[in-house]
Amino acid sequence: MADRAVTLIAAGLAAAVLLLLLAPLAALGLSTRSLALSEAELAALRFTLMQAALSAGLSVMLAVPVARALARRRFFGRDVLVATLGAPFILPVIVAVLGLLAVFGRAGWVNNGLALLGLPAFSIYGLQGVVLAHVFFNMPLAVRMILHGWQAIPAERFRLAASLGFTPAATLRHIEGPMLRAVLPGAALVIFVICLTSFAVALTLGGGPRATTVELAIYQALRFDFDLGAAARLALLQFALCAAAYAVATRISLPLGFGAGQGRTGGPPAPNGWRRGLDAVFITAAALFLALPLLAVVLNGVPGLRHLPASVWDAVLAAAVRSTLIALASTALALSAALVFALAAARGKGWPALAATLPLAASSLVLGTGLFLILQPLFRPADLALPVTMTINALLALPFAFRILLPETRTIYADYHRLGASLGMTGRAWLRWVVIPRLARPMGFAAGLVAALSMGDLGVIALFAGEGQATLPLLVQRLMGAYRLEAAASAALLLVLISFALFWAFDHWGRRYADA
Amino acid sequence: MLTLENLTITQGGFRLTADWQAKAGARIAVIGPSGAGKSTLLSVIGGFFAPQSGRVLWQGADITGLEPGARPITTVFQDQNLFPHLTIAQNLGLGISPNLRLTANDHARIETALDRTGLAGFGPRKPAQLSGGQQSRAALARALLRDKPVLVLDEPFAALGPALKAEMLGLVAELSHDSGATVLMVTHDPKDALAFAPLTCLVAGGAAHAPQPTADLLANPPPELAAYLG
């Protein structure tokens, strides 16, 4: 019967996920001679924790006033702005770095302005640059989480506060404060975990003894020093960090104890006067902070498209094709696995959810190093660059896809399982006529996210790729490293266009299919 | 003949027994206080919930272990009887072929079933475009197409107004009379039982009692039923 088939396939997939996680870890364990960290490795650990904590703290602190302004103001373009806050999540890191360099770099817009005013220049390299890039990516995420918290406060609470004559300070203390205390730790933790595995940002804006993350140190040990023992030791350290963060994150789930409202909406009260002006400042500043780097990518990328040398064009197009194929393949893999796990989890079992979210405890370079150690005696790593990248991208995207599919899959099971059973709908009929049509919207959204994430990923490919296997993000990074900034900008523009087009196409397909 | 043989149903601390037979073509109301286990009894007969012990038989054949769709039974639920993303015609087609491989003849049968239930022309619409009464008609039209000898109704008309409900009961009576189906229907309303079902099964005090003539049962209710009727 279909139930048992789903459970069996899910069990097989869970075994594959475990194998893909445990085999690299075992290889790392076997290759580690000594667990004692060198001075440089300790520095990498300290820097990783510090930049992650600073990035999380700053992102959340800056997000609070922006989220409050968005929660209580209604203006033209607000919905577009709130939707755009999701864009950094699918923006390739290397593209954002290029944009940030154009705005905050040595000869960037900000430093030109500072020079005009006779002020000292701001350096984007080192700790401040790494944190700046992380805030660029994660502050919008924090705004969305906190905005959600504000919108979850029933309008009745604010109405009651108004009828009792609460001052803004009293409203903050009795209504908004408890919400923030519930939401902020979770938001900060999520960002902290994301920043723990920072690789591409550290690779481009950090580096050196004072600004190297553990993830970057793994890459340097393997790629430059070819010190397999050190790479394995660092990878185990990184895994311990991620696993600890994962364990904490699964324990903290934050129920909001605000009670049920009658579904009235309206948001918090919108005071006039100087508070109105301040809200406008916060919203404008946040919008500019997000929009200017993207604008810079477009402005710098367009001219180059016309006079790129043919040899560079060929390399860019070949890399674009490789990246797109990897993205499509890992999307197919991650989505099918997520669907099977979601179907099995909807039947009330606990282990499929565990198997589907376990990859959160690993990172791209940890898995990559482990696989490198396993494969390197048998194959030339460069020959396997693309399949390995595809598999790891799919594995790391699985938890996101699973979480997006799970709620609606549960609803389908609760609402229609009995009806389907009474009509004798099993296996393919059930999948084709019920699951796919009803899941089309979240599936399209999840597929778009996975495709864009995989398209923009710059992680394990850097470990494996030889000259001929660069993906588009890696090529952008190499062009930057060779100071061919115009070519890098053009390739980055192409990269962001393909990423957003993939996201749009899948998401649009899901909506169209669901509405048909 | 539908046989419930020494059935014991347990769910947490809840326990219900049933041991009786009903003739083919009988119309039986299932009545009793809420929480007594009316719906649970029907889910065991329909195959959605396994009894702890005992058997369900149809015409002497044991169907206790069969999947819901493989039983000689059509269940009409309280709600969620139609897939909202499929058209009415597709929802009906699922009653003929669960994977919707339909021949021209099948499409003609769907049209006839729509006609019979007063839904002519509604085939291409989605369920949300139909009123509550029309959605109930569509569920009955699909039961008609499935053409199973037992029809189990778990209060499908509870959300309808009195006039509409009477109309639906009339339709069920008419359809089951024509097809000779055995009907079991949960209801809260003794008037429904009187109007529709010559026999009534009282579910109370941990037992689903053998069906008795409805008029007698209501005229001389045992204490549990008397308390429920008030």
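In what follows, every chain begins at residue 1, and chains take the letters A, B, ... in the order their sequences are listed.
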- Is it the backbone or the side chain of B:Arg142 that comes under 4.5 Å from a heavy atom of chain A, or both, or neither? side chain

- Does anything in residues 33-61 of chain B get under 4.5 Å of chain A by heavy atoms, and if so which residues? B:Ser43, B:Phe48

- Message: If the threshold is 4.0 Å, N to carboxylate O, is there a salt bridge linking B:Asp178 and B:Arg116?
- Response: yes

- Message: Please enumerate all residues that pass salt bridge (Lys or Arg N to Asp or Glu O under 4.0 Å) together with B:Asp154, with sequence neighbours excluded.
- Response: none

- Do other residues, nucleotides or ligands put more than 12 heavy atoms under 6.0 Å from B:Arg15 CZ? no

- Parallel, tilted or perpendicular: ring planes of A:Phe89 versus A:Phe400, cut at 30 and 60 degrees: perpendicular

- Query: Excluding sequence neighbours, so at least two apart, what forms side-chain contact (heavy atoms from CB on, under 4.5 Å) with B:Leu164?
  - Reply: B:Leu160, B:Glu167

- Which is it for A:Asn393 and A:Ser454 under the side-chain hydrogen bond (donor to acceptor under 3.5 Å, both in side chains) test, yes or no, and what are the steps along the way? CA-CA 6 Å; A:Asn393 283 352; A:Ser454 176; 3.0 Å; yes

- Task: Describe, in one word, how the ring planes of A:Trp504 and A:His508 are oriented to each other, choosing from parallel (under 30°), tilted (30 to 60°) and perpendicular (over 60°).
- Result: parallel

- Task: Mind checking the CH2-CG spacing from A:Trp509 to A:Asp507? Nearest 0.5 Å is all I need.
- Result: 10.5 Å

- Item | NE2 (B:His177) with more than 12 external heavy atoms under 6.0 Å | no

- Message: Counting only heavy atoms from other residues, nucleotides and ligands, does the tally under 6.0 Å from CZ of A:Arg403 exceed 12?
- Response: no

- Task: Would you please go through residues 92-108 of chain B and name the residues with a non-hydrogen atom below 4.5 Å from one of chain A, in numerical order?
- Result: B:Leu94, B:Gly95, B:Pro98, B:Asn99, B:Leu100

